[in-house]
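What you see below is based on every heavy atom in this structure, not just the backbone, and it leaves out hydrogens, waters and symmetry mates. Please read these numbers as outputs of a predicted model, since none were measured by experiment.
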Amino acid sequence: MALVRGAGRRTNLALLALLAAAFATGVFAFAIGSAWVGWVAIAHGVTGLGILVLTPWKSTISARGLRRRPAGAWASIGLAAVVVLTIATGVGHSTGVLVSLGPATAMQVHVAAAVGSILLAGWHVLARKTVPRRTDVSRRNLLRGGVVLGGAAAGFAVVEGLVRATSLPGSDRRNTGSYERGSGRPDEMPVTQWSNDDVPTVDVDAWSLLVADARGERSFGYDELASDRRAVRATLDCTGGWFAEQEWEGISFADLLALDGHASSIEVTSVTGYARRLPVADAGNLLLATRVGGQPLSAGHGSPVRLVAPGRRGFWWVKWVERVALSDTPWWWQLPFPAA
């Protein structure tokens, strides 16, 4: 019986570690837009499949525990359900077999279920304490962990190979896991915004952009900004699971802002109150776009002007911009993802 309890405890600890790793790699994959995000996405997939590898052992432990009808069993069952949903939607999205679920994308459901699983896992840890021991870090247990991760990596490679061999939609996804939607065709690009933002009604004639930089505060009207037509080809990669490569036209931040040696970041604010802070060093790569695909921006895509931030995920691309300001606050002194 002691051996059975020990095996159950080790399985629970391994699952907890895998859940934490899957969540951490998912957060990084969500936030990063650079080329090496592909390696983070692979690590995310491997840890997710590692949870599947341990499912038979965990099923035995759970069945034994439920027979005792413990208090709070409903939460444990809920945790299992959201973990299954998280993995199912993740596999469905990555293979392309399941890209949308009604009005929501499979990626959005995947993320929501993942957040729910972490909250329930936190409760589970507090209610069913499994305390790590020094003996858990033994050569035998490390070898067991290596076998689990090796099996998960092999499973990941097999799934990826099958996706490409059978030409499933997942074979065309970007390294972030996103699928192409409307590249070169702005009218077909999805209209999405972060959290509780709605598409505002902006009177272009009455609108103005406030710029606060080394010269003080200045205002620009739409026609003044729209006369600048610097073109940049950049990919908008949305965390909802899609991407689109477009030609954006507008004014470079390097031309718009008068920089000084004291500013640490550039804060870009929307008429909705949504804001992101970016490094001053990025000024040369940032564009305040008034047009996309040769046409003025539509309301859903950010009219009158929106931020274009090449190499960053979509939530950095602030829409309906009304203020651009230099700040002494470091760019990283903000939530990794906007709260609203």
Rounded to the nearest 0.5 angstrom, the CG-CG distance for Asn175 and Asp237 is 7.5 Å
Taking every heavy atom of Cys238 against every heavy atom of Thr192, the minimum-distance pair comes out as SG-OG1, 3.7 Å
Is there a continuous path of hydrophobic side-chain contacts, each under 4.5 Å between heavy atoms, that joins Val158 to Leu149? no
Please check: side-chain N/O of Thr55 versus main-chain N/O of Ile51, any donor-acceptor pairing under 3.5 Å? yes
Can you name the side-chain contact (heavy atoms from CB on, under 4.5 Å) partners of Asp255, sequence neighbours left out? Ile251, Ser252
Step by step, work out the side-chain contact (heavy atoms from CB on, under 4.5 Å) result for Asp228 and Leu256. CA-CA 10 Å; Asp228 201 307; Leu256 178 69; over 6 Å; no
Partner of Leu286 under side-chain contact (heavy atoms from CB on, under 4.5 Å), chosen from Val232, Leu278, Val268: Leu278
Output the distance between atom CG (Leu210) and atom CZ (Phe220), rounded to the nearest 0.5 Å. 9.5 Å
Could you check if a side-chain atom of Ile266 sits within less than 4.5 angstrom of a side-chain atom of Val324, using non-hydrogen atoms only? yes
Tell me if a side-chain donor or acceptor on Arg313 pairs with a main-chain N or O of Ala29 at a distance below 3.5 Å. yes
Rounded to the nearest 0.5 Å, what separation is found between the CE atom of Met107 and the CG atom of Leu101? 12.0 Å
Judged by atom type as modelled, is there a donor-acceptor pair below 3.5 Å linking the side chain of Glu267 to the main-chain atoms of Ala325? no
Within the 4.5 Å heavy-atom criterion, are Gln246 and Arg233 side-chain neighbours or not? no
Output yes when a side-chain donor or acceptor of His93 lies under 3.5 Å from a complementary backbone atom of Ala106, and no otherwise. no
Out of curiosity, Trp320 CH2 to Leu297 CG, how far, rounded to the nearest 0.5 Å? 11.0 Å
Measure across Pro336 and Arg276 and return the closest heavy-atom pair with its distance rounded to 0.1 Å. O-NH2, 3.2 Å
Are Val109 and Leu85 side-chain neighbours, meaning at least one heavy-atom pair lies under 4.5 Å? yes
When clusters are formed by joining ILVMFWY residues with side-chain heavy atoms under 4.5 Å apart, either directly or through shared neighbours, do Leu54 and Leu143 land in the same one? no
Would you check if the side chain of Gln295 reaches a backbone N or O of Val292 as a donor-acceptor pair within less than 3.5 Å? no
How far does CG of Leu98 sit from OG1 of Thr89, to the nearest 0.5 angstrom? 7.5 Å
Check the hydrophobic clustering (I, L, V, M, F, W, Y; side-chain heavy atoms under 4.5 Å; chains of links allowed) and say if Phe23 and Val84 are grouped together. no
Would you check, one step at a time, whether the test side-chain contact (heavy atoms from CB on, under 4.5 Å) holds for Val147 with Val53? CA-CA 10 Å; Val147 169; Val53 170; over 6 Å; no
Intermediate values then yes/no, side-chain contact (heavy atoms from CB on, under 4.5 Å), Phe253 and Leu307: CA-CA 10 Å; Phe253 273 40; Leu307 175 64; 3.6 Å; yes
Residues Asp328 and Ser264: side-chain donor-acceptor under 3.5 angstrom: no
Side chain Thr239, main chain Phe30, donor-acceptor under 3.5 Å: no
Please lay out, stage by stage, how Asp198 and Thr272 fare under the test side-chain contact (heavy atoms from CB on, under 4.5 Å). CA-CA 8 Å; Asp198 292 317; Thr272 65; over 6 Å; no
Quick one: does Arg185's side chain have a donor or acceptor within less than 3.5 Å of a partner on Glu188's backbone? no
Are any of the side-chain heavy atoms of Leu257 and Val211 separated by less than 4.5 Å? yes
Side chain Ser183, main chain Glu245, donor-acceptor under 3.5 Å: yes
Minimum heavy-atom distance Trp333-Arg277, with the two atoms named: O-NH1, 2.8 Å
Side chains of Val159 and Leu162: closer than 4.5 Å at any heavy-atom pair? no
To the nearest 0.5 Å, what is the distance between OG on Ser208 and OH on Tyr222? 14.0 Å
Heavy-atom closest pair, residues Ala258 and Leu326: O-CD1, 3.5 Å
Is there a side-chain contact between Lys319 and Gln193 in this structure, where contact means two heavy atoms from C-beta onward sitting under 4.5 Å apart? yes
What heavy-atom pair brings Leu18 and Thr47 nearest, and what distance separates the two atoms? CD2-O, 4.1 Å
Looking at every heavy atom in both Trp242 and Leu236, which two are closest together, and how far apart are they? CH2-CD2, 3.8 Å
Do the ring centers of Phe28 and His44 come within less than 6.0 Å of each other? no
Salt-bridge test for Arg218 and Glu224: reply yes if a basic N is under 4.0 Å from a carboxylate O, no otherwise. no
Taking the side chain from Asp260 and the backbone from Ala263, do they hold a donor-acceptor pair closer than 3.5 Å? yes
Could you tell me if the side chain of Ser303 sits less than 4.5 Å from the side chain of Ser298, heavy atoms only? no
Is it true that Ile42 and Tyr179 fall in one hydrophobic cluster, defined by side-chain heavy atoms closer than 4.5 Å? no
Hey, is the main chain of Ala234 close enough, under 3.5 Å, to the side chain of Trp248 for a donor-acceptor pair? yes
Does Arg306 count as lying over the ring of Trp316, i.e. NZ or CZ under 6.0 Å from the six-ring centre, within 45 degrees of the axis? no
Sequence neighbours left out, what passes ring pair (Phe, Tyr, Trp, His ring centres under 6.0 Å) with Phe315? Give chain and number order. Trp194, Phe337
Cation-pi check, Arg174 to Phe243: give yes when NZ or CZ is under 6.0 Å from the six-membered ring centre and within 45° of the ring axis, no otherwise. yes
Any salt bridge linking Glu249 with Arg230? Criterion: basic side-chain nitrogen under 4.0 Å from a carboxylate oxygen. no
Report whether Trp332 and Val280 are members of the same hydrophobic cluster (ILVMFWY, side-chain heavy atoms less than 4.5 Å apart, transitive linking). yes
Please report the C-alpha distance between Arg173 and Glu160 in whole Å, then the side-chain angles of each, then the deciding distance to 0.1 Å, and finally whether the salt bridge (charged side-chain N to carboxylate O under 4.0 Å, His left out) criterion is met. CA-CA 11 Å; Arg173 72 187 189 279; Glu160 285 294 303; 2.7 Å; yes
